[in-house]
Amino acid sequence: MILCCGEALIDMLPRVSQEGELAFAPYAGGAVFNTSVALGRLGAEPGFFCGLSTDLFGEMLDAKLTEAGVSSQFAVRSSRPTTLAFVRLSDGHASYTFYDENSALRMMTEAALPALPDTVSTLFFGGISLVGEPCGSAYQALLAREASSRVTMIDPNIRPTFITDREGYVARIKAMMSMSDVVKLSDEDLHWLEGDGDLDTLAGELIARGTKVVLITQGAEGSIGYTAKHRVTVPANKVDVVDTVGAGDTFNAGFLAGLRDAAALDKATLADLPEETLRSALAMGGRTAAITVSRAGANPPWAHEL
C-alpha cells in the first residue's frame, strides 16, 4: 500500500450564480488527498492518513475516498471542523485563503500516529499539513520513524500565504527532504526553499543531503528527474488548460504509479534507479497531470483515460 499522509480539506471554488452573483462551490480536495484519490483511480489501491472530521464536509471527503478505492482505515476521526480553502483563479492559476483554526486536520497529534503493518510499503507526505501545529510535528515524526524501512516521498507544495513561521517551516521541510527517498518540487518551490541558482545545481545539493531521486516540475516546460547518476527531461503534454488545481498532486500519483508498475517502489531500487525507469515514471506523471489540467478542479483521471 502507498499511504498518503497529509491534508484533506474542502476547496471552495469560485462560481457565478444564476443571478450573476459570485458564489463558491465545495469540492473535496487537499494536496495529499488529491494524490491519494488519483492513485486510487489509477488502480494503485492506496491508503490515506489524516485527521478527518465527522461533519458534513468530512462525509464528502470520506465518500470521495471510497469512490476512488482509497482505504481510510488509518484516518483519525473527530468532531472538529473540516479545513476550508477558498480559491481564487487568475488566468487558470489558483491562489488560496485557508480557514484552519482548531480543525480536525490541524489538531491531530503525534499520539494519534498509527502502527503500520508490513503491507504499507510507501509513505507520501506534503502540503499544508506540514505547516500548522501540532499536525506538522506529527507528520515529521511519522516520516522520521518510518524512513529507514519504507519508501518515503515528499512534495511540500508550498503555499507561502499560509506560512507564518518561515524559518521553522523551512527547517522542517529540509529535514524531511533529507530523509526522503523521493523529493518533488515545482521550480518555484525549489527557489523559495533554496534561493537563487540553476536547477541542476540546486537539485544536486538536495541529492548530496541524502535524497535519492529529485523531481522538478516546470509547468508547460515539462519535468526533470535527477539521481546521483542521471538527469532526465520529459516534455509537457500539450493540452488546453482549464485550470491548474491539483496538477502537481496528480503528477505525484502518476509518478508513484509508474514506479509501482515497474516494480521499483523499494529502497534498494530507488538508491540506484535506472534511467529508463525514471523517464517512464516521469512521463506517467506528466500524462496524468495533463488530463487533470484539461478540466475544472482537482479531477484526476481514471486508468482507462490514460
Q: Return the set of residues passing side-chain contact (heavy atoms from CB on, under 4.5 Å) with Thr211 (not counting sequence neighbours), or none when no residue passes.
A: Val183, Val214
Q | Candidate list Ile163, Asp100, Asp165, test side-chain contact (heavy atoms from CB on, under 4.5 Å), partner Val131, passing option | A | Ile163
Q: Flag the pair Thr277 / Leu259 as yes when at least one side-chain heavy-atom distance between them is below 4.5 Å, and no otherwise.
A: yes
Q.
Taking the side chain as everything from C-beta on, heavy atoms only, tell me whether Leu273 gets closer than 4.5 Å to His230.
A. no
Q: State, yes or no, whether a side-chain contact exists between Phe33 and Leu9 at a heavy-atom distance under 4.5 Å.
A: no
Q: May I ask you to decide if Arg80's main-chain N or O and Ser53's side chain share a donor-acceptor pair within less than 3.5 Å?
A: yes
**Q.** Pairs involving residues 125-149, ordered by first then second residue, that meet salt bridge (Lys or Arg N to Asp or Glu O under 4.0 Å) (sequence neighbours left out)
**A.** Glu133-Arg172, Glu146-Arg150
**Q.** Pairs involving residues 227-241, ordered by first then second residue, that meet salt bridge (Lys or Arg N to Asp or Glu O under 4.0 Å) (sequence neighbours left out)
**A.** Asp200-Arg231, Lys229-Asp272
Q. Got a sec, which pairs hit ring pair (Phe, Tyr, Trp, His ring centres under 6.0 Å) with one end in residues 134-165, sequence neighbours left out?
A. Phe49-Tyr139, Phe98-Phe162
Q | Side chain proximity check, Leu190 to Leu199, heavy atoms < 4.5 angstrom | A | yes
Q) For Asp11, what residues pass the side chain to side chain donor-acceptor pair (under 3.5 Å) criterion, not counting sequence neighbours? A) none
**Q.** Nearest atoms (heavy-atom pairs only) where Thr233 meets Arg279
**A.** O-NH1, 3.7 Å
Q. Taking the side chain from Asp181 and the backbone from Thr152, do they hold a donor-acceptor pair closer than 3.5 Å?
A. yes
(Q) I need the Ile10 CD1 to Leu84 CG distance, nearest 0.5 Å. (A) 7.0 Å
Q | Ile128 vs Leu105 side-chain heavy atoms within contact, under 4.5 Å | A | yes
Q) Side chains of Leu142 and Phe125: closer than 4.5 Å at any heavy-atom pair? A) yes
Q) After noting the C-alpha distance and the side-chain angles of Thr201 and Glu205, does the key distance pass the side chain to side chain contact (heavy atoms under 4.5 Å, CB included) rule? A) CA-CA 6 Å; Thr201 299; Glu205 290 173 356; 3.8 Å; yes
Q: Indicate whether any N or O donor in one side chain lies under 3.5 Å from an N or O acceptor in the other, for Thr250 and Arg41.
A: no
Q. Are more than 12 heavy atoms from other residues, nucleotides or ligands located less than 6.0 Å from atom OH of Tyr99?
A. no
(Q) Main chain of Met153, side chain of Ser180: is a donor-acceptor contact present, judged purely on distance under 3.5 Å? (A) no
Q) If only atom types and distance count, is the side chain of Ser294 paired as donor or acceptor with the main-chain N or O of Ile291 below 3.5 Å? A) yes
Q.
For Arg77, is the CZ atom crowded, meaning more than 12 foreign heavy atoms sit under 6.0 Å from it?
A. yes
Q | Heavy-atom donor-acceptor pair, Ser121 side chain to Asp118 backbone, under 3.5 Å | A | no
Q.
Between Ser280 (side chain only) and Glu276 (backbone N and O only), is there a donor and an acceptor less than 3.5 Å apart?
A. no
(Q) Would the distance check show the side chain of Glu7 and the main-chain N or O of Ala31 forming a donor-acceptor pair, the cut-off being under 3.5 Å? (A) yes
Q | SB check Glu194 Arg209 (cutoff 4.0 Å) | A | yes
Q: Please name the pair of heavy atoms, one in Ala8 and one in Cys50, separated by the smallest distance, quoted to 0.1 Å.
A: N-SG, 3.6 Å
Q. So do Leu185 and Trp192 actually touch side chain to side chain, heavy atoms under 4.5 Å?
A. no
Q: Tell me, please, which residues at least two apart from Ala171 pass side-chain contact (heavy atoms from CB on, under 4.5 Å).
A: none
Q: Could you please spell out the steps behind the side chain to side chain contact (heavy atoms under 4.5 Å, CB included) verdict for Tyr27 and Val87?
A: CA-CA 11 Å; Tyr27 287 82; Val87 181; over 6 Å; no
Q: Report the distance from atom CG of Leu3 to atom OG1 of Thr122, rounding to the nearest 0.5 Å.
A: 9.5 Å
Q) Taking Ser103 for the side chain and Thr82 for the main chain, is one N or O donor matched with an acceptor at less than 3.5 Å? A) no
Q) Is the closest side-chain donor-acceptor distance between Ser186 and Glu188 under 3.5 Å? A) no
**Q.** Inter-residue atom distance Leu52.CG - Met108.CE, 0.5 Å rounding
**A.** 10.0 Å
Q. Does Leu39 reach the side chain of Val70, with side-chain heavy atoms less than 4.5 Å apart?
A. no
Q.
Walk me through whether Tyr169 and Thr164 qualify under side chain to side chain contact (heavy atoms under 4.5 Å, CB included).
A. CA-CA 9 Å; Tyr169 172 76; Thr164 56; over 6 Å; no
Q: Flag yes if more than 12 heavy atoms outside Glu221 fall under 6.0 Å of its CD atom; otherwise flag no.
A: no
Q: Start with the C-alpha distance between Leu65 and Val37, add both sets of side-chain angles, then the distance that settles side chain to side chain contact (heavy atoms under 4.5 Å, CB included), and finish with yes or no.
A: CA-CA 6 Å; Leu65 290 171; Val37 169; 4.3 Å; yes
Q: For Lys64 and Glu67, run salt bridge (charged side-chain N to carboxylate O under 4.0 Å, His left out): C-alpha distance rounded to whole Å, both residues' side-chain angles, the deciding distance at 0.1 Å, then the answer.
A: CA-CA 5 Å; Lys64 189 165 183 179; Glu67 176 197 29; over 6 Å; no
